[in-house]
There are 2 protein chains.
Amino acid sequence: MKRDSRLSSVLHALLHMAEQNEPMTSEQLAACMCTNPVVVRRTMGLLRDAGLVTSERGPSGGWTIAADLEAVTLRDLHEALGEPSIFAIGNRNENPGCLVELAVNAALDGAFADAEALLLDRFAKVTLARLSADFNRRHAAHRARS
Amino acid sequence: MKRDSRLSSVLHALLHMAEQNEPMTSEQLAACMCTNPVVVRRTMGLLRDAGLVTSERGPSGGWTIAADLEAVTLRDLHEALGEPSIFAIGNRNENPGCLVELAVNAALDGAFADAEALLLDRFAKVTLARLSADFNRRHAAHRARS
DNA sequence: GCTTCATGTAACTTCGTTTATTACGATTTA
DNA sequence: TAAATCGTAATAAACGAAGTTACATGAAGC
Ligand code: FES
Ligand code: FES
């Protein structure tokens with residue numbers, strides 16, 4: 001199955017934007033991430049709907065972070081993206097008609113629910129600020145090496 | 001996204017087979033699960049490669065469980081199926097060329113790895129015997145009600 | 001041996017989802 | 001008004017899972 005990589009994408013975009021004082025255009029972000037400006041607008045549009053970024057039209061327009069980096073977590077971003085389903089594995093039939101399926105689904109669903117809860121919990125503990133700091137640490141180390 | 005439902009499928013098949021003394025044909029299993037005999041063979045073939053079931057050709061042939069129900073766990077089945085990737089969400093670029101991607105991937109990968117570990121751990125704790133018992137319990141309750 | 005039943009497997013199609021692309025409209029700045 | 005930029009709909013491309021078709025292989029029974 002094709003994986004949804006939008007969470008990864010918006011994180012990229014946000015980290016770039018966090019290093020910048022001016023708005024960044026869809027074009028810039030797209031070039032940087034090897035994708036298409038329209039894709040950037042579509043995805044960032046969801047973050048705008050959630051109040052995490054703002055967009056301005058016209059010359060000198062573009063995308064700007066509108067939230068506190070300390071407050072925004074990966075979980076917030078996941079929710080802003082519409083909480084896409086997390087698993088690539090699932091039940092054959094979600095509304096079972098027979099007892100065999102009921103028993104199987106019960107066993108699998110419990111495990112999946114627990115794993116999802118753990119993942120979302122981990123997401124909730126990572127802020128954009130922490131990610132940005134992590135990036136800057138790596139950046140400094142990289143410059144020191146070269 | 002289209003989810004991989006093979007784990008769910010083989011569980012269905014195995015529970016049916018556990019209730020049966022004779023081999024079951026691909027045709028029977030397919031009819032029971034509303035799918036195609038060839039799909040059944042493809043999937044069950046992986047379990048056969050793992051030594052969990054056997055297949056016999058010709059008249060009176062079919063599929064038979066070859067392992068101890070107490071010993072086989074969901075994790076064994078997951079492995080027999082080739083350990084398909086569990087998540088429908090992932091990194092945009094698994095082999096990052098820039099430090100932004102490195103930082104993002106590190107954050108996400110850690111969370112995904114932990115969730116995967118938890119899920120596999122849960123899988124390892126569920127045996128076919130337990131599932132079969134669960135089914136029989138439900139079956140008895142169902143008969144008592146009607 | 002011949003027929004029948006069943007698996008083994010390759011090739012192809014269908015279907016659903018994600019991402020990319022095209023096209024055009026709306027808004028802002030100069 | 002011209003240029004830059006987002007907003008959005010419509011469409012195509014790319015991909016993977018499941019389904020389907022077709023035929024080969026092997027076993028059982030006569
Ligand atoms: S995504 Fe911007 S440099 Fe890597
Ligand atoms: S009766 Fe539900 S799968 Fe067999």
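Order of the sequence lines sets the chain letters (A, B, ...), proteins ahead of strands, with each chain counted from 1. The figures here come from the full heavy-atom set of this structure, side chains too, leaving out hydrogens, waters and symmetry mates.
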[options]: which one has an atom nearest the side-chain heavy atoms of [X]?
X: T35(A); options: dT22(C), dA20(C), dA3(D); answer: dA20(C)
X: V38(B); options: dA22(D), dT7(C), dA28(D); answer: dA22(D)
X: S55(A); options: dC6(D), dA28(D), dA22(D); answer: dC6(D)
X: K2(A); options: dT27(C), dA14(D), dA20(C); answer: dA14(D)

Exercise for the section: Could you tell me the separation between the OG atom of S8(B) and the CG atom of L74(B), rounded to the nearest 0.5 Å? Expected result: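 Answer rounded to 0.5 Å: 10.5 Å.
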Practice task
With rounding to the nearest 0.5 Å, note down the distance linking NE2 in H78(A) to CD in E83(A).
Solution key: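 Answer for the NE2-CD pair, H78(A) versus E83(A), is 5.0 Å.
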Exercise for the section: Select base, sugar-phosphate, or nothing to describe what R92(A) touches, counting heavy atoms under 4.0 Å on all strands. Expected result: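 Nothing, no heavy atom under 4.0 Å.
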Exercise for the section: Pick base, sugar-phosphate or nothing for N36(B), based on heavy-atom distances below 4.0 Å to the nucleic acid. Expected result: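 Base contact.
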[X] has an atom [atom1]; how far is it from atom [atom2] of [N], in whole Å?
X: N91(B); N: dT19(C); atom1: CG; atom2: P; value: 13 Å
X: D4(B); N: dT17(C); atom1: CG; atom2: P; value: 15 Å
X: L46(A); N: dT19(C); atom1: CG; atom2: P; value: 12 Å
X: R57(B); N: dT7(C); atom1: CZ; atom2: P; value: 10 Å
X: M17(B); N: dT7(C); atom1: CE; atom2: P; value: 11 Å
X: M24(B); N: dC5(C); atom1: CE; atom2: P; value: 18 Å
X: N93(A); N: dG19(D); atom1: CG; atom2: P; value: 12 Å
X: L47(A); N: dG7(D); atom1: CG; atom2: P; value: 12 Å

Problem - Nearest-nucleotide 5' precedence on DNA chain C, R3(A) against G58(A) - result: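 Whichever sits nearer the 5' end wins; that is R3(A).
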Handout entry: Which residue lies more 5' along DNA chain C, comparing S60(A) with R6(A) via nearest heavy atoms
Key =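 In this pair, the answer is R6(A).
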Practice task
Would you mind telling me which residue lines up with the more 5' stretch of DNA chain D, S5(B) or E56(A), judged by nearest nucleotide?
Solution key: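 It is E56(A), whose closest nucleotide lies nearer the 5' terminus.
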Exercise for the section: Return the 5'-most residue of the pair R41(B), G62(A) with respect to DNA chain D, ranking by each residue's nearest nucleotide. Expected result: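 The residue whose closest nucleotide sits nearer the 5' end is G62(A).
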Exercise for the section: Name the orientation class of the two ring planes belonging to F87(A) and F112(A) (parallel below 30°, tilted from 30 to 60°, perpendicular beyond 60°). Expected result: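 Ring orientation of F87(A) relative to F112(A): tilted.
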Exercise for the section: Give a yes/no answer on whether the side chain of T25(B) brings an N or O atom under 4.0 Å of OP1 or OP2 in dA6(C). Expected result: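 For T25(B), the contact criterion (side-chain N or O under 4.0 Å from OP1 or OP2 of dA6(C)) is not met.
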Problem - Distance test, side-chain N/O of R48(B) to OP1/OP2 of dT7(C), below 4.0 Å - result: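 Checking R48(B) against dT7(C): no side-chain N or O falls below 4.0 Å of OP1 or OP2.
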Problem - Donor on one side chain, acceptor on other, R6(B) and T43(B), under 3.5 Å - result: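 Per modelled atom types, R6(B) and T43(B) side chains form no pair under 3.5 Å.
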Practice task
Go through the side-chain N and O atoms of T25(B) and W63(B) and say whether any donor and acceptor fall under 3.5 Å apart.
Solution key: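 Result is no, nothing qualifies.
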Handout entry: D134(B)/R130(B) salt bridge by N-O under 4.0 Å criterion
Key =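 D134(B) and R130(B): not salt-bridged.
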Practice task
Answer with yes or no whether R42(B) presents, from its side chain, a donor or acceptor under 3.5 Å of a partner atom in the base of dG19(D).
Solution key: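 Yes, the side chain and the base share a sub-3.5 Å donor-acceptor pair.
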